[in-house]
Amino acid sequence: MNPLLINLNGWEIPIIVLVILILFGGKKIPEFMKGLGKGINSFKKGLNDIEEDIKTNPTEKNSTPNT
């Protein structure tokens with residue numbers, strides 16, 4: 001577990017959330033979370049694609065044609 005989160009008390013978490021709301025505003029946080037979710041989904045899709053490529057062609061090497 002992250003040692004930073006272990007030392008947070010009950011009042012510290014709402015204070016951190018309030019500071020984030022003040023800094024970024026209420027409208028920017030959903031946009032940020034949406035972008036973060038898209039980035040995570042894209043990363044997972046890329047990992048799954050690489051896994052499938054490795055499983056289907058474990059000995060085949062990727063080669064680029066000379067142009």
Side-chain angles (χ1 to χ4, degrees):
M1 195 180 259
N2 190 350
L4 178 65
L5 295 177
I6 292 174
N7 295 329
L8 291 178
N9 295 327
W11 283 102
E12 293 173 352
I13 294 173
I15 291 172
I16 292 171
V17 171
L18 183 65
V19 169
I20 290 172
L21 278 172
I22 291 171
L23 289 176
F24 295 107
K27 293 182 180 179
K28 293 288 183 183
I29 293 175
E31 293 173 13
F32 173 72
M33 290 300 177
K34 185 178 179 182
L36 185 64
K38 285 183 180 181
I40 291 172
N41 285 337
S42 175
F43 181 73
K44 286 181 181 180
K45 184 179 180 286
L47 286 177
N48 287 336
D49 289 346
I50 291 173
E51 259 185 36
E52 287 178 18
D53 286 346
I54 290 172
K55 286 179 183 177
T56 57
N57 300 321
T59 59
E60 187 177 312
K61 294 182 179 180
N62 292 337
S63 61
T64 57
N66 293 335
T67 54

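Computation of the quantities below employed the complete heavy-atom set of this structure, encompassing side-chain atoms and omitting hydrogens, waters and symmetry-equivalent molecules.
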Sequence neighbours excluded and cut-off under 3.5 Å, please list the side-chain donor-acceptor pairs for residues 17-38, or say none.
none

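- Residue K45 holds its NZ atom at 11.0 Å from CD1 of I50, rounded to the nearest 0.5 Å.
- Between atom CD1 of residue I16 and atom CH2 of residue W11 there is a gap of 14.0 Å, rounded to the nearest 0.5 Å.
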